Structure formats: structure tokens, C-alpha cells
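Here the structure comes first, spelled out in C-alpha cells, and everything after it is commentary.
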Protein chains: 2
Amino acid sequence: MKSNEFNLDDFLPYQLSVLSARMNRLLSKVYGEQYGLSIPEWRVLVHVARREKMSVRDIHKCVNLEKPAVSRAVTKLEATGLLIKSTSEDDHRLVDIELTKDGIEVLNNITPKALVYEKELLSSFSTEENTQLYALLERLHDELDKYPDAMPRKPRADGRPRGLVK
Amino acid sequence: MKSNEFNLDDFLPYQLSVLSARMNRLLSKVYGEQYGLSIPEWRVLVHVARREKMSVRDIHKCVNLEKPAVSRAVTKLEATGLLIKSTSEDDHRLVDIELTKDGIEVLNNITPKALVYEKELLSSFSTEENTQLYALLERLHDELDKYPDAMPRKPRADGRPRGLVK
DNA sequence: TCAATTTCGTTTCACTTGCAACGAATATCG
DNA sequence: CGATATTCGTTGCAAGTGAAACGAAATTGA
């Protein structure tokens, strides 16, 4: 193929990049419009909700955010009163992060809306197509795992093996 | 679903976001390592290669980059000697952008490598799966088109209708 | 026990991005 | 024509991001 025939529109990384950007843009309405949350903040919030206490490191290991990004998100969320930081008693280097009542409430408000959007986007998909989509994306992740240059993938938060459908 | 059961790992926007980030990271090796190109620069370069002359606006309309991003990318690419800017004779507001010989050569060098990566990532996919993947992503785009808040999608550079497989 | 190393979270810095504003050039319409 | 509005590309600015450096705390190993 001569390079002047190369078409960005058929190039998978470009497709995914644009699709992801559009989806994030749409969902930032849910995260941001009402509570002013950024995507990193939303990820942190969601992840912390899984357990009583959680360290920055735990979050970093799970939600594909850089350590500084997590640190900043946590700081901001504390300022907004959605969570509380305290140094761990066992290990004074660690920070225990815990959602406040407000944090839980905000999350309970946002999460259903986010799921509605996801559902709407997939509304034209049959059950099989839905399964296929996740399976195909999973396969791409698997391929990327072979390249050390593609940043390594984080383990599932719930510890379950990957690739199973919901 | 209670929000503390919500799992980011099964949330489509998150999945896509991470996948796209990983893929971009991997490909930045191709774009950047040898010639120091950023993704915006790569997109501009690829798009300009399609025609003799091209304005900033044309590029902006096609490659999902903000106008300032295109402008900066073009400026930098001119500094590197990969393209030439000149004010259009017909309309002095427009900038004619043209690849230099070097620009074409760089592109001829990079493009095949990018395609190899794409191919490798899809190497485990059957023809049908490949088709399915593109079709499903296309459908997601179609759904997003219904929401004005998701940034509108740009037309295909080659003017062909969407959704046809390569 | 104590020095060297490692880990954790934060901070700093250079860089990129998105949005609004701007000047220059053209188009529109009385 | 001539005033107003629009379009094009650039620039300024505030916010976000990634990588490296840093101090504090813990672990290791002589």
C-alpha cells in the first residue's frame, strides 16, 4: 500500500481512540455536570467504594491511573468532602482512604446514570453481539499483553479471571 | 445494582479508554521513537498525504483534532521540514499545506510499520471476527451520533460511506 | 543495632490540551 | 460601495498529564 492511500478511518488505533474520546466526552456529562468530577476522580471513587479502606497504591494498581493522578484525585475528593484520608496505623507510609456518607451518596446517584448511558449505547446490540464485543476487546487486550511497550494491564478489581461475561 | 458492586472492569467506556490508551502507547513507538512525531502530528501527516494541498480547516474537519492542535502540529512539522505552509492565492485566510519530499519519505517509512502493528494485534482474528469488530465499533459510533454531547464524528477522508469493510 | 535499600505518597516541572479570544481576510447585505 | 458578520488560523491561558525527584517510613541484612 502506498502511504498516500493509507486511510486513517480504517486504522484500528485511530478508530478506538476517537470512539473512546467521544464516549468519555458523553459520560463526562454524568461525572462532571452535577458534581464536577473528572474521570480520574470518578475512577477513584468507584474503586474505593469496593472496600472499607484502600490505599493510594491499591487504587493505582487497579484503575489504570498514574500514581500522581490518584494522589491528586484523592486530595481533591477529600477537599470536596467525598472521602477521608488518614495515615494507616499499621504502616505510616500508607494512607487509608474511606468514602464519606456524601461520597457514597454521590456515587449512588451517579452510577445508575452512567449505567443507563452504557445500556443505551448498547441498546441496539443483541445479547450475542454484546458478548462478542467484550470478547473481541478482551482479545485485543490479550494481544497487547504481549508487547512490553504497551503499558501493562491492571488486574480486575474483583479478582475474577478476565474474559468471563458479566 | 448497589454502587459498591459496580465494577469498572466491566464498564464499556472504561474498557475502551484503557484499550485505546494502551494501543496509542504501543504505537507511539512507531510514530515517536524514530522521528519524534506525536499522535496529532502523525494524523496530520497522514491526512495531508492524501491530496496535493490541504488547509488547516480541511485537516481539522477530518482527523478529530481541535483547530489549535492542527495548527500547532502543522507548525512543528514545518519546523522539522516535513511540510511547507504557504498562504493560498485564492483566499488569503487559507493556508496551503504540502508535504515535502522528506515528509513523504518519513511517511513511507512509518506507515508500513504502523500497519504491521495493526495486523499483529489482529493476527488472532479470523476474517469474520475482524469484520465484526469494525462493525460493532461502527455501531457504537452510530449510537453516539444520537447524542449531541458526544462530539460529532468527522466524515471519512475518502468520502466513502461508512461501515463498509475495507 | 544501624546503615543501605525499598516503598509510599506527594511535589515539581516540562509538556500537552481545550477553550476562548483575537487579528486578518473574506462574504453578506443594505 | 460600505458597514456588519463570518471564516480562518494563531495565540494565550488555565487545567490536566507523565516522568522523575523527593522526604518520610519501613524493610533488609550485615
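In this text the structure is predicted, and so the values were computed from the model without any measurement. First the proteins, then the strands, lettered A, B, ... as listed; each starts at 1.
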* Checking side-chain hydrogen bond (donor to acceptor under 3.5 Å, both in side chains) for the pair A:Ser17/B:Arg43: CA distance, chi angles, key distance, verdict? -> CA-CA 12 Å; A:Ser17 189; B:Arg43 289 193 191 172; 3.3 Å; yes

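First and last contacting nucleotides of DNA chain C toward chain A (any atom under 4.0 angstrom from a heavy atom, 5' to 3' order): C:dT7 to C:dC19. Note that the first and last nucleotides of DNA chain D, 5' to 3', having any atom under 4.0 angstrom from a heavy atom of chain A are D:dT17 to D:dA26.
A:Ser71 places no side-chain N or O within 3.5 Å of a backbone atom of A:Lys67 that could act as its donor or acceptor partner. A donor-acceptor pair under 3.5 Å is formed between the side chain of A:Arg22 and the backbone N or O of B:Met151. A donor-acceptor pair under 3.5 Å is absent between the side-chain atoms of B:Asp9 and the main chain of A:Asp158, judged by distance alone. Between the side chain of A:Thr100 and the backbone N or O of A:Leu82, at least one donor-acceptor pair lies under 3.5 Å. Of the possible polar contacts, one joining the A:Ser28 side chain to the A:Arg25 backbone as a donor-acceptor pair under 3.5 Å is found.
B:Asp58 and B:Ser55 form a side-chain donor-acceptor contact under 3.5 Å, judged by distance and modelled atom types alone. Using modelled atom types and a 3.5 Å distance limit, the side chains of B:Tyr14 and A:Asn64 yield a donor-acceptor pair.
Residues of residues 65-84 of chain A having a heavy atom closer than 4.0 Å to DNA chain C, listed by number: A:Lys67, A:Pro68, A:Ser71, A:Arg72. Residues of residues 88-100 of chain B having a heavy atom closer than 4.0 Å to DNA chain C, listed by number: B:Asp91, B:His92, B:Arg93.
Projected onto DNA chain C by closest heavy-atom contact, A:Lys85 and A:Arg25 fall at different nucleotides, the more 5' of which corresponds to A:Lys85.
Closest of all the heavy-atom pairs between B:Leu99 and B:Ile104 is CB-CG1, 3.9 Å. When all heavy atoms of B:Cys62 and B:His47 are compared, the pair lying nearest together is CB-CE1, 3.3 Å.
Ion pairing between A:Arg156 and B:Asp10 holds under the 4.0 Å rule for side-chain N and carboxylate O.
Taking the six-membered ring where tryptophan is involved, the planes of A:Tyr31 and A:Trp42 are essentially parallel, since the angle between them stays under 30° and well short of 60°.
Looking at heavy atoms from C-beta onward, B:His141 lies in side-chain contact with A:Gln15 at the 4.5 angstrom threshold. Under the 4.5 Å side-chain criterion, counting only non-hydrogen atoms from C-beta, A:Leu77 is not in contact with A:Val48.
Within the 4.0 angstrom heavy-atom criterion, only backbone atoms of the sugar-phosphate kind lie near A:Ser55; the bases stay farther away.
Under the rule for a side-chain hydrogen bond (donor to acceptor under 3.5 Å, both in side chains), the partners of B:Ser124 that lie at least two apart in sequence or sit in another chain are A:Arg139.
If one axis is set at each end of the helix from C:dT1-D:dA30 to C:dG30-D:dC1 from five pairs, those axes are 10° apart, to 10°.
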